[in-house]
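Throughout, protein chains are lettered first and strands after them, A, B, ... in sequence-line order, and every chain is numbered starting at 1.
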Amino acid sequence: MNALTRTAYLQQEHLASITRRHFLQRCTTGLGAMWLAEQSLHAAATGHAALPRRDPTRPLEPRPPHFPAKAKHVIYLHMAGSPSQLELFEHKPQLTQLDHQFCPPSFLEGKRFAFIRGTPRMLGSVHPFHQESKTGQWISNQLPQFERVLDKVCVIRSMNTDQFNHAPAQFLMQTGSPLIGSASTGAWVTYGLGTENQNLPGFIVLLSGGRMVDAGKSVWSAGFLPGVYQGVQCRSDGDPVLYLANPAGIDRQLRGSVISAIEQLNRQTHEELGDPETLARTAQYELAFRMQANATDSFDLKQEPSAVHEAYGTELGKESFANNCLLARRLVERGVRHVQLYDWGWDSHGAAASEDLRDGFVKKCRSIDRPIAALLTDLEERGLLNETLVVWGGEFGRTPMAENRGGVDKRVYGRDHNPQAFTIWMAGAGVKRGHSFGQTDEFGYAVVEDPVQPQDLHATMLHLLGLDHTKLTFPVAGGLQQRLSNVTKQAVVIKKVLA
Amino acid sequence: MSLEARTRWQPLHANRATSTGQAKLVARLSEGDGVPEVIATGTITLNSIYTVDVPISAGGVFNALRLEVLPDDLERAISLPEPGFVLSRIQVKWLPSGDEAQAVDIPLETGYDEDPDAFFEVEASLSDDPGGWCGYPRFHRKRTAVFIPTKPVTLPAGSSLRFVLSQNMQSSGIKAQAIRRLRIAMSPDASWTDLLEAQSLRRAELNTLGKEIDRIPSVAVPVMAEQPLNQLRETRVFLRGNWLTKGALVAPGVPALLGPMLVTNRLQMARWLTSPDHPLFARVAVNRFWEQLFGLGLVESSEEFGTTGQEPSHPELLDWLAVRFARELQFKPKTLLRELVLSATYRQDSRVSSDLLARDPRNRLLARGPRQRLTAEMVRDQALSASGLLSSKLGGPPVMPQQPEGIWRTVYNGGKWVTSPGDDAYRRAIYTFIRRTSGYPSFQTFDAPSREYCTVKRLPTNTPLQALVTLNDPVYLEAAKGLATRMLTAGNTTEQRIARGWQLATGRPMTPRETSPLMELYRQAQQRITDDPKDASALGQTTELAALTVVANALLNLDTVLTR
């Protein structure tokens, strides 16, 4: 597909080089023609007035949305492995009544599971539920801090997907396609809107939980979009951006001298050869020099007062979800467009204590409860929540049946993957507050009302950012205008969750 | 016809079948062919041991026992293989009466599998060794094994046989690897016992031959081969691309729209594709070589020569090159590349006037020489080469050059990134260990593909993150130090040393105009290091070497160095 994408691109480039010679005179890279081609094609295909042209030397410069936006930034908290909705948001008394009984055959007919074999037993929620006072929504006792900000979020209980293994399901949630190679949400968002702070990457990825997301780095790749839109993986310990720090012995002043020498020599090269790409390269060195200062500063959590650390539960120098939440706030504050967090360790199969709903799961809940509550409160206090869209969720749900891997009833409790129903929530810019959307059946097994597919979520996210998901497109495979919400699906904006 | 197929088998009907754990065994007559069989239902527990009792009503002798394991649904299994089984251990006992205390072990000498498995051997089922007869980890057709007792066994009428089948294997995703549908038969055919004798003679011969084979030097690289005919899997159309919804059976061939062609296998396909008469092959090939050298192909869409591809910019040149490559050069890439780089077109100056730039910004008309940024791999190799660090070692397993902590993460296997010792950390970029889910960071920054798709060409970008790699990545700092060390030995004056560095980095002599910014940088570095010598030793032991390292760091970041 990549190869074909490029073909399509190059074809249009060819066209553009004939028709828009004037503009090309100002282009400094080959990419320039491509931007233009995409623009002219976009305008022709949609019949809309073309958006401002892209400056090829500044691919990430801010761009206006298609229509007035509610959200300017995204913070996406992906819980890799998929947390159990039945231990957090989905109160199902009827499931509790069936606890430990063999699963009715009707639940198993025609279904495929990742690990369940034969006839499993039903598993009632292992944690008690109660009604939260302000919203009246049922919630378990595992997120006591988050419960206090439940009135800020819109819980979507009717998510469903067609993928039941982690990697393809993560790809679907993050890129709109279960196959490797499509562009991630963050890449689309920065492609559509650029980013406000040119001294920081526009799409930043932060990891916690100790392991890589199952789908690997491709889950934040630019896919078929140009490589500049791929997520930049930053670390909460060490250099936040790779190779940001100068090596020992070269301080900022000396680095400045090095870059100045490079600049002078590059200028000579340009005078001699006249290749505009040389000037563009020099500009990137200057940008890198500024990024060194800005990114270091953005990632310096020591600058935060102790009250903030207290609220988030951050620990300096550690890789943690709490640190990443605080970093996300700092980055959004500085104009980063899309901050993507991945927290690994939510795959509660019950094959080990770390996957036990009463043990590992509880610890995971504790590690996100306070930071998320602090993040939402902090964003609101700073006036950022009304321009930042926060999304939380996994890649699928978990079964109302207990897992019986190897045909043995486990000493520890876990649930298998359930693509038919799961819960996510959104908060912030343009999203209803204290709202609950969608319904599942009495066991939380399948959606019965207002189903939401990943591509609907994508369409809705883009809508909040002022982008029409059918118009933010990119040519792939012989001219097909692909989009985040995937042309093979009927994606709709979920209007009922919009404020 | 195999001995197994020639043999007349007598199916055995179990009157009792039990399992440890949660599985339930049921003896029944198959609905389809009426053959007696035992099926396992319910949840099959790991390490299940099945006990199957078979009454011997008529009495007689048996020389061989046949076990068949079938998928639940033979037809469906062909397209969607079922969970497999591993028979870890088979024990056969003779029960003269109902009294279990009188059970007598029947020793089995050997076993045959109709198509030996790559993982496990059938003979492992006769002992507690790991493995055993299997369809592992999934299987899609009936599997057959024959076990032969050490000597023929006489069974009086009214007694019974007991089969104890242990299954200890599990696999990821499927878990219990256990038999779900079993048929047992026996035969009084003496040919099986005769086999034993033949086999013991053969064994000695095989051992000798095996040792001789071992003495022949070879490589430990598996060679792809086609499956034997009887093991070929069916290939079906995936309806709407869904691998779970299978459509019509398909056979190897070429799309019908290409017209009738005698291509039915890969070898024929390869020969057809690369035939000197093929109008496309040589064109596509020369275009790709051209693209490697000039940055753009004569046909820009180098991955697409079809109807959605582009017209060549110089059609006659493309034709001429294609014919020459196929006929005179006999597809020898090196000769072709030599011709291309020695051509007047390639050897043009890449200098461009603003007028020409305006008329032909992307050099489609080839009025100037090509100029492009190096690829990710070249950026690294060039820096290592200029510094004298590059290892010229060829071949061998991939290596792990330096990369920062915390970036390499694997999803499931806990693999670690351990920097290769010695020279191996400085091998050419193509030897770098690559995992699609966690690529080598500095290559990715310089537009190396993530290898999710075959990529004919890369779109070069120009980002600040690239500058950070070549300025600060420890690999490039080491290269700068190496280059500085070479510069130091080049002459007595700083200017001579810097000129040497320039020559090594750019491949051409330094002009006086280029000297001054670098001399100035050298003086500034020297000053910084003298003022604050704290960390300067990281750049070099002496002030001179440290300051030259700073200059080398700048050299390796020049546009003229990163561009060819």
Side-chain angles (χ1 to χ4, degrees), chain A residues 1-4 6-7 10-11 14 17 24-25 27 29-30 117-119 180-181 211-212 214 216-218 221 226-228 235 238 242-250 253-254 257-258 261-262 264-266 268-269 272-275 278 280-281 284-285 287-288 291 404-408 478, chain B residues 21-22 42-46 170 175-176 300-301 303-304 308-310 350-353 357-358 361-362 371 404 406 409-411 437-438 441 447 450 452-453 455-456 461-464 467-469 472-473 477 513-514 517-518 521 524-525 528 535-536 538-539 546 550 553-554 557-560:
Chain A
M1 185 185 286
N2 257 4
L4 288 169
R6 286 161 191 188
T7 311
L10 288 159
Q11 276 176 281
H14 179 67
S17 63
L24 285 171
Q25 284 175 356
C27 281
T29 66
R117 298 286 175 258
T119 308
I180 198 166
R211 290 179 85 167
M212 175 57 80
D214 308 74
K217 295 184 177 187
S218 319
S221 102
V228 286
R235 300 179 296 177
L242 267 190
Y243 314 122
L244 187 69
N246 291 316
I250 298 184
Q253 189 191 336
L254 191 50
S257 305
V258 169
I262 293 170
Q264 289 173 60
L265 288 161
N266 283 359
Q268 290 179 19
T269 305
E272 192 189 340
L273 299 176
D275 182 357
T278 307
R281 177 153 298 111
Q284 298 309 316
Y285 275 78
L287 185 49
M291 191 182 276
N404 60 344
R405 203 181 292 203
V408 198
Chain B
Q22 286 176 283
T43 306
I44 299 176
T45 314
L46 279 183
Q170 56 172 310
K175 294 295 141 182
E300 261 196 62
S301 57
E303 64 284 336
E304 171 64 292
T308 61
Q310 286 175 284
S350 55
R351 198 182 307 255
V352 59
S353 67
L357 187 67
R362 300 176 55 247
R371 189 168 199 277
R409 294 182 195 218
T410 52
V411 183
T437 51
S438 197
D447 310 312
S450 50
E452 289 145 3
Y453 291 102
T455 308
V456 175
T461 64
N462 194 350
T463 71
L468 292 177
V469 169
N472 297 336
D473 179 349
L477 189 75
R513 201 171 159 227
E514 285 155 349
L518 292 170
L521 176 62
Q524 285 170 341
R528 262 327 276 157
D535 290 328
L539 302 175
V550 174
N553 182 241
N557 278 279
L558 294 177
D559 178 67
T560 187

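With sequence neighbours left out, the salt bridge (Lys or Arg N to Asp or Glu O under 4.0 Å) criterion links R371(B) to D275(A), D559(B). Partners of Q264(A) according to the side chain to side chain contact (heavy atoms under 4.5 Å, CB included) rule, which considers only residues two or more places apart in sequence or in another chain, are S260(A), R267(A), P517(B).
If you take CZ on R513(B) and CD on E272(A), they are separated by 8.5 Å, rounding to the nearest 0.5 Å. Rounded to the nearest 0.5 angstrom, L521(B) CG and L265(A) CG are separated by 9.0 Å. Rounded to the nearest 0.5 angstrom, L287(A) CG and L468(B) CG are separated by 9.0 Å. Interatomic distance, L273(A) CG to L357(B) CG, rounded to the nearest 0.5 Å: 12.0 Å.
Across all their heavy atoms, A467(B) and Q284(A) have their closest contact at CB-O, 4.2 Å. A288(A) and P464(B) make their closest contact through CB-O, 3.6 Å (heavy atoms, listed as atom of the first residue, atom of the second, distance). Among all heavy-atom pairs drawn from L539(B) and G249(A), the shortest one is CD1-O, 3.5 Å.
Side-chain atoms of T269(A) and L558(B), non-hydrogen and from C-beta on, never get closer than 4.5 Å to each other.
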Worksheet entry | Worked check of side chain to side chain contact (heavy atoms under 4.5 Å, CB included) between N472(B) and L244(A) | CA-CA 7 Å; N472(B) 297 336; L244(A) 187 69; 5.9 Å; no
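Neither the backbone nor the side chain of Q170(B) comes within less than 4.5 Å of any heavy atom of chain A.
For the pairing with P247(A), the side chain to side chain contact (heavy atoms under 4.5 Å, CB included) check across N553(B), D473(B), L477(B) returns one residue only, L477(B).
Put simply, the side chain of T119(A) never gets that close to the backbone of G42(B): no donor and acceptor are under 3.5 Å apart.
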